[in-house]
Chemist: 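I have a structure I would like to understand better, so I am pasting it below and will then ask my questions one at a time.
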Amino acid sequence: MPRLRRIAGRLADLPVAGEKRVLLAAPRGYCAGVDRAVVAVEKALEHYGAPVYVRKQIVHNVHVVDQLEAQGAVFVEEVDEVPSGAHIVFSAHGVSPAVVDAAADRGLLAIDATCPLVTKVHREAVRFARDDYEILLIGHEGHEEVEGTAGEAPDHVTLVTSPEAVDDLVVSDPDKVVWLSQTTLSVDETMETVRRLRERFPKLQDPPSDDICYATQNRQVAIKKVAQDADLVIVVGSANSSNSVRLVEVALEYGAKAAYRVDYAHEIQQSWLDGVVTVGVTSGASVPEVLVDEVLEELSGAGYGAVQEVKTAEEDLMFSLPKELRKDLAGTTDPRALGGRRP
């Protein structure tokens, strides 16, 4: 659907018992993996021209998908929808080996935009399966990332969808179990799931490093701090964005009196602001900053013009681009081709 622009004065500036303000969480918005994936589609369009096909949404954000479609990207559910010989980009959430093979069988020219942190979990799954461990994968059923990770070792992976699901687990060898997780989960809920798993399986092994990505953790830490002082928290992000949905839950758990998720500023409802002095604002890891700016503009029209940033971490990491896209058509290496730190 087309994005509706803000209508000036849509939200009324009603009196409240205090000085209105916005607490703006930082970090927020694009993480390194999302930035890499979006740039990959843009550069593929520059290199090869439209259409460039993308399996699933490149990242879980309706605005980003709409913008890339306008540039010539075509989003498909499966590779069998793509004409033979075409270019296809695999999304930031990753794919299973079966999808890679299916693309090769159709002669598709694949560009892998999987987040490197997701790729790390895939490699862990392969290694533990090779050592004949049963892998307890903590995640959401049907999520692309979970499907991709499970596809690396389908005979060794058991999905654990919640702490409560632990009670019903049956494993073949309690002495050889390890847990892995989807990268975009709630840190607190994941650790509760792990705690319950360890109670049932005392020899449970941990992954070699934390699977929940740094950006997910950083955004949750920031909103925890904001939520303590917020009457209302607004999270910018799409409904299918796991990390955005988790931010709403975390805000409520850590003290916000109310919390809502919106894709666009025009979705903010007047009733949410009744009696609200302090509004917390953040955004999921697949959300461009322009959408946050529009929310701040909308809130400013309702009297929330004073904005204080609450920063809990600095992020300057850049991931390298897929190898096919590191040079432009003239052969010049892109300045961010090999990743590193932002200046």
Chemist: Working to the nearest 0.5 angstrom, can you tell me the gap between Trp179 CH2 and Leu197 CG?
Modeler: 9.0 Å
Chemist: For residues Ala165 and Val160, report the shortest heavy-atom separation together with the two atoms involved.
Modeler: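 For Ala165 and Val160, the tightest heavy-atom pair comes out as CB-CG1, 4.5 Å.
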Chemist: Looking only at heavy atoms, what is the nearest atom pair of Val276 and Val16, with distance?
Modeler: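 Between these two residues, the closest heavy atoms are O-CG1, 3.5 Å.
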Chemist: Pair Arg200, Leu136 - check side-chain contact (heavy atoms from CB on, under 4.5 Å), show working.
Modeler: CA-CA 12 Å; Arg200 286 208 59 201; Leu136 304 179; over 6 Å; no
Chemist: Count the heavy atoms belonging to other residues, nucleotides or ligands that lie under 6.0 Å from NZ of Lys327, then report whether that count exceeds 12.
Modeler: no
Chemist: With sequence neighbours excluded, what pairs up with Arg55 under the side chain to side chain donor-acceptor pair (under 3.5 Å) test?
Modeler: Glu78
Chemist: Taking all atoms of both residues into account, what is the closest heavy-atom pair of Ala153 and Ala125, and its distance?
Modeler: CB-O, 4.1 Å
Chemist: Does any part of the side chain of Tyr30, heavy atoms only, come nearer than 4.5 Å to the side chain of Val64, both counted from C-beta?
Modeler: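 Yes; the side chains approach each other to less than 4.5 Å.
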Chemist: Under the criterion side-chain hydrogen bond (donor to acceptor under 3.5 Å, both in side chains), which of His156, Lys176, Gln205 is the partner of Tyr133?
Modeler: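 Of the listed options, the one satisfying the test is Gln205.
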Chemist: Looking at Val146, Thr149, Ile212, which hits side chain to side chain contact (heavy atoms under 4.5 Å, CB included) with Val121?
Modeler: Thr149
Chemist: Do Ser186 and Glu249 have side-chain N/O donor and acceptor atoms under 3.5 Å apart?
Modeler: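 On atom types as modelled, these side chains do not qualify, holding no pair under 3.5 Å.
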Chemist: Could you go through the salt bridge (charged side-chain N to carboxylate O under 4.0 Å, His left out) check for Arg28 and Glu289 one step at a time?
Modeler: CA-CA 8 Å; Arg28 62 184 177 276; Glu289 188 68 5; 2.8 Å; yes
Chemist: Which heavy atom in Val187 sits nearest to a heavy atom in Gln220, and how many Å separate them?
Modeler: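 Nearest pair, atom of Val187 first, then Gln220: N-OE1, 3.0 Å.
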Chemist: Thr216 versus Leu185: any side-chain heavy-atom pair under 4.5 Å?
Modeler: no
Chemist: Got a second to check how far Ser181's OG is from Asp210's CG, nearest 0.5 Å?
Modeler: 7.0 Å
Chemist: Show your working on salt bridge (charged side-chain N to carboxylate O under 4.0 Å, His left out) between Lys20 and Asp231 and close with a plain yes or no.
Modeler: CA-CA 11 Å; Lys20 292 182 177 180; Asp231 302 306; over 6 Å; no
Chemist: Please say yes or no: joined through hydrophobic side-chain contacts below 4.5 Å, possibly via intermediate residues, are Val287 and Val65 part of one cluster?
Modeler: no
Chemist: Indicate the atoms forming the closest heavy-atom contact of Ser162 with Thr193, along with that distance.
Modeler: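 Smallest heavy-atom distance, with atoms named: C-OG1, 3.8 Å.
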Chemist: Name each donor-acceptor pair under 3.5 Å that joins a side chain in residues 104-112 to protein atoms two or more places apart or in another chain, with its distance.
Modeler:
residue, atom, partner, partner atom, Å
Arg106, NE, Val79, O, 3.3
Arg106, NE, Val82, O, 3.1
Arg106, NH2, Val82, O, 2.7
Asp112, OD1, Thr114, N, 3.0
Asp112, OD1, Thr114, OG1, 2.5

Chemist: Using 0.5 Å steps for rounding, measure from the CG atom of Leu11 to the OG atom of Ser271.
Modeler: 10.0 Å
Chemist: For Glu315, give me all partners under side-chain contact (heavy atoms from CB on, under 4.5 Å), at least two apart in sequence or on another chain.
Modeler: Pro27, Tyr214, Ala215, Asn218, Arg219
Chemist: Enter the distance from Glu147:CD to Glu152:CD here, rounded to the nearest 0.5 Å.
Modeler: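 Reported to 0.5 Å precision, the distance equals 13.0 Å.
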Chemist: Under a 4.0 Å threshold between the charged nitrogen and the carboxylate oxygen, would Arg246 count as salt-bridged to Asp188?
Modeler: no
Chemist: Checking one residue: Leu247. Which other hydrophobic residues are in its cluster under the side-chain 4.5 Å linking rule?
Modeler: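 Under the 4.5 Å side-chain rule, Leu247 groups with Leu23, Ile223, Val226, Val233, Val235, Val248, Val250, Leu252, Tyr254, Val310.
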Chemist: Can you name the residues that form a side-chain contact (heavy atoms from CB on, under 4.5 Å) with Glu199, not counting sequence neighbours?
Modeler: Arg195
Chemist: Can Met318 and Arg341 be said to form a side-chain contact (heavy atoms from CB on, under 4.5 Å), step by step?
Modeler: CA-CA 6 Å; Met318 294 190 301; Arg341 299 287 177 178; over 6 Å; no
Chemist: Quick check: does any side chain N or O of Gln308 sit under 3.5 Å from a backbone N or O of Arg21, one acting as donor and the other as acceptor?
Modeler: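 No, the answer is negative, given that no donor and acceptor are paired below the 3.5 Å cut-off.
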Chemist: For a side-chain hydrogen bond (donor to acceptor under 3.5 Å, both in side chains) check, start with the C-alpha distance between Arg123 and Thr119, then their side-chain angles and the critical distance, and finish with the verdict.
Modeler: CA-CA 6 Å; Arg123 289 173 178 162; Thr119 299; 6.0 Å; no
Chemist: Kindly give the heavy-atom pair with the smallest separation between Val236 and Asp263, and that separation in Å.
Modeler: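 Closest approach of Val236 to Asp263: CG1-O, 3.9 Å.
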Chemist: Going by ring-ring contact (aromatic ring centres under 6.0 Å, His included), name the pairs with one or both residues in residues 66-122, residues two or more places apart or in two chains.
Modeler: Tyr48-His87, His60-His93, His93-His143
Chemist: Are the side chains of Thr312 and Lys224 in contact, using a 4.5 Å heavy-atom criterion?
Modeler: no
Chemist: Could you check Lys120 against Ser209 for side-chain hydrogen bond (donor to acceptor under 3.5 Å, both in side chains), going step by step and ending with a plain yes or no?
Modeler: CA-CA 9 Å; Lys120 175 185 77 71; Ser209 60; 3.2 Å; yes
